[in-house]
Amino acid sequence: MMASFTSQVKQVIKQIPRGKIATYGQIAKLAGNSRAARQVAWILHSSSRKDVLPWHRVINSKGKISLPPNRGGELQKNLLEKEGIIFNRDNSINLKKYLWNF
DNA sequence: AACCTGACTTCGG
DNA sequence: TCCGAAGCCAGGT
């Protein structure tokens, strides 16, 4: 079996329902390490190229997009809005409303 | 083959 | 309450 942290993270991300978002820390915690949020970010980089993952549903704990706009941040915002997520005027997301509680 | 960096979070002072 | 430092895994150089 592939019980590596990476595969766990991938599985968790695949379970994020449409129209909801999750934070790096939340995913890391579900994958087994609450402090491995950083790896989650890196995994999205490497895995989203090969596998199809809803990477756009992953944001930081402040409820904002972590990518620089020129790195896909705009795309991410666009994709989330298409799923019905409303952004605040400061480009943040209402975690109380959209955070994925499994 | 070793070292560095990355779309972050949490803990301690 | 605010700021600094540590933690974690993998891929690229």
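By convention in this document, chain letters (A, B, ...) are assigned in the order of the sequence lines, proteins followed by strands, and residues within each chain are numbered from 1.
- Going from atom CG of Leu95(A) over to atom P of dT9(B) covers 10 Å, rounded to whole Å.
- As a whole-Å value, the separation of Phe5(A) CZ from dT9(B) P is 13 Å.
- Rounded to whole Å, atom C1' of dA7(B) lies 13 Å from atom CG of Leu75(A).
- Residue Thr6(A) places at least one side-chain N or O under 4.0 Å from the OP1 or OP2 atom of dA10(C).
- Atom CG in Leu30(A) sits about 18 Å away from atom P in dC8(C), given to the nearest Å.
- The side chain of Leu67(A) lies closest to dA7(B) when the candidates are dT9(B), dG6(B), dA7(B).
- Counting to the nearest Å, the P atom of dC8(B) and the CG atom of Asn33(A) are 18 Å from each other.
- Checking the phosphate oxygens (OP1, OP2) of dC8(B), no side-chain nitrogen or oxygen of Ser61(A) falls inside 4.0 Å.
- Place Trp42(A) and Asn60(A) on DNA chain B by their nearest nucleotides, and Trp42(A) ends up nearer the 5' end.
- For Arg35(A) and dA5(C), the CZ to P distance is 18 Å, given to the nearest whole Å.
- One can place CZ of Arg38(A) at 16 Å from P of dG11(C), the figure rounded to the nearest angstrom.
- Here the straight-line distance linking atom CG of Asp90(A) with atom NZ of Lys62(A) works out to 12.0 Å at 0.5 Å rounding.
- Distance from the side chain of Gln39(A) is smallest to dC8(C) among dA10(C), dC8(C), dT9(B).
- If Lys50(A) and Ala37(A) are placed on DNA chain C by their nearest nucleotide, the residue sitting closer to the 5' end is Ala37(A).
- Interatomic distance, Lys77(A) NZ to Ile93(A) CD1, rounded to the nearest 0.5 Å: 9.5 Å.
- The interatomic distance linking Lys62(A) (NZ) with dT9(B) (C1') rounds to 10 Å, in whole Å.
- Rounding to the nearest 0.5 Å places CZ of Arg57(A) at 11.0 Å from CD1 of Ile13(A).
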| field | Chi angles and distances behind the side chain to side chain contact (heavy atoms under 4.5 Å, CB included) call for Ser47(A), Trp55(A) | value | CA-CA 9 Å; Ser47(A) 297; Trp55(A) 60 271; over 6 Å; no
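- Annotation: Glu81(A), atom CD; neighbour count of heavy atoms from other residues, nucleotides and ligands within 6.0 Å is above 12.
- With both ends at atom P, the span from dA7(B) to dC3(C) equals 23 Å, rounded to whole Å.
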